[in-house]
Structure formats: structure tokens, C-alpha cells
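These numbers were taken from a predicted model, which means no experiment stands behind them. Throughout, numbering of the chain's residues begins at 1 and tracks the sequence.
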Amino acid sequence: MNKSKRITAAVIFWVLTAAAMFMIFRFSCDDGDESAEISENLLSVIVAYIGKFISHNVLRKIAHFCEFAALGFFAVGAFRYTLKSSRFYYPLILCVCYAVSDEIHQYFVPGRACRIFDVFIDSCGSLCGIGLFCLTILIILKILQKKVAKNR
């Protein structure tokens with residue numbers, strides 16, 4: 001990848017990383033009642049379409065996992081194209097630190113709590129997003145290698 005494409009990719013992934021962090025921060029700003037209302041509304045839509053198969057609490061944990069999976073996916077792209085490195089622990093450290101700061105932030109929001117278990121769920125989500133990015137890159141590289149080999 002040439003330098004200008006790499007810089008463009010880095011900027012895009014850093015913007016997406018910042019957007020994911022902002023989204024997580026914004027959701028954490030909702031007090032306990034607002035947060036519960038959003039989850040309950042989403043749960044009622046899920047129940048209306050596919051039936052009740054998860055609880056309100058499980059839905060909230062899935063949301064934690066998914067938002068941090070997105071953060072992990074974007075962060076690993078940002079680090080990959082900025083540092084030209086595929087070390088997964090840089091974005092993981094960023095995501096885990098952000099998960100800790102998110103839980104500390106929630107401690108000060110009325111009706112919310114700081115839970116170590118949520119940091120674990122967030123970290124697992126981040127690791128999953130990082131893994132998904134790495135798997136995507138491997139698949140793309142395999143496809144490109146087959147194309148090159150076919151054209152020889």
C-alpha cells in the first residue's frame with residue numbers, strides 16, 4: 001500500500017475509533033432510567049419480531065460487548081495503518097483502558113454503577129473486534145495472493 005493510501009486509511013480508522021469512543025461515552029452519560037428505557041424499548045422490538053429469548057440484563061451485556069467490538073475493530077485498523085504494525089496488543093491496551101475509564105465515568109452518573117464484570121465484557125468485545133479485523137485482513141490477503149498467482 002502506498003504512503004498516501006496508508007495515511008488515508010489511518011485517518012479514516014482514527015476517525016471511526018473516535019466516533020466509537022464518543023458513542024460509548026454518550027451512552028454512558030445516560031442516567032440509569034434513560035439507559036433502562038432505551039434497553040427496554042430495544043428489547044420490546046426484539047420480542048415483537050423474534051420472541052423473548054434474552055433478558056433485559058443480557059441485552060445490556062450484549063450491547064457492551066458489541067460497542068467495544070466495534071471500537072476494537074476500528075482501533076486495530078488505526079494502529080495498523082499508523083504504525084505499520086500488526087501487533088494486536090496496542091489497540092487492546094487502548095480498549096481496555098477505555099473500558100476502565102467508561103466504568104469509572106458510569107460510577108458518577110446517577111443510577112449507573114462501576115462494574116469490573118463490564119470491563120471484562122468490554123475487553124472481550126474489543127478482543128473479538130480485533131480478531132475480526134485480523135481475520136478480514138487475512139482473507140483479503142489470501143484473495144489477493146490467489147489473484148496474483150492466477151495472473152502469472
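Atom CD in E67 sits 7.0 Å away from atom CG in D102 (nearest 0.5 Å). The distance from atom CG of D122 to atom CZ of F117, rounded to the nearest 0.5 Å, is 10.0 Å. Rounding to the nearest 0.5 Å gives a distance of 10.5 Å between CZ of F65 and OG of S123. Here the straight-line distance linking atom SG of C66 with atom NZ of K61 works out to 13.5 Å at 0.5 Å rounding. Atom CZ of F27 sits about 11.0 Å away from atom CZ of R60, to the nearest 0.5 Å. The CZ atom of F74 lies 12.5 Å from the CE atom of M21; values are rounded to the nearest 0.5 Å.
A chain of hydrophobic side-chain contacts below 4.5 Å, direct or via other Ile, Leu, Val, Met, Phe, Trp or Tyr residues, connects M23 to L94. In this structure, I130 is a member of the same hydrophobic cluster as L141, with clusters built from ILVMFWY side-chain heavy atoms closer than 4.5 Å. In this structure, F68 is not a member of the same hydrophobic cluster as V100, with clusters built from ILVMFWY side-chain heavy atoms closer than 4.5 Å. In the hydrophobic cluster analysis, where Ile, Leu, Val, Met, Phe, Trp and Tyr join through side-chain heavy atoms closer than 4.5 angstrom, L127 is grouped apart from F120. The hydrophobic cluster containing I62 does not contain I121, counting ILVMFWY residues as joined when their side-chain heavy atoms lie under 4.5 angstrom apart, directly or transitively.
Residue R6 qualifies as enclosed at atom CZ: its count of foreign heavy atoms under 6.0 Å is above 12.
Nearest heavy-atom pair, K5 versus N2, reported as atom, atom and distance to 0.1 Å: N-OD1, 2.8 Å. Between C29 and H105 the shortest heavy-atom distance is SG-CE1, 3.6 Å. Contact between L92 and S126 at its shortest, heavy atoms only, is CD1-CB, 4.3 Å. Residues A75 and T17 come closest through the heavy atom pair N-OG1, 3.3 Å. When all heavy atoms are compared, the tightest approach of I137 to R80 is CG2-NH2, 3.7 Å. Nearest heavy-atom pair across A10 and T82 is CB-OG1, 3.6 Å.
In this structure, the ring of F133 has its center less than 6.0 angstrom from the ring center of F13.
Under the 3.5 Å distance criterion, the side-chain polar atoms of N151 are matched with a main-chain donor or acceptor of K147.
No side-chain heavy atom of H64 sits under 4.5 Å from any side-chain heavy atom of I24. By the 4.5 Å heavy-atom criterion applied to side chains, Q106 and C114 are not counted as neighbours. By the 4.5 Å heavy-atom criterion applied to side chains, L144 and V148 are not counted as neighbours.
The residue from Y89, F88, W14 that alone fulfils the side chain to side chain contact (heavy atoms under 4.5 Å, CB included) condition with F79 is W14.
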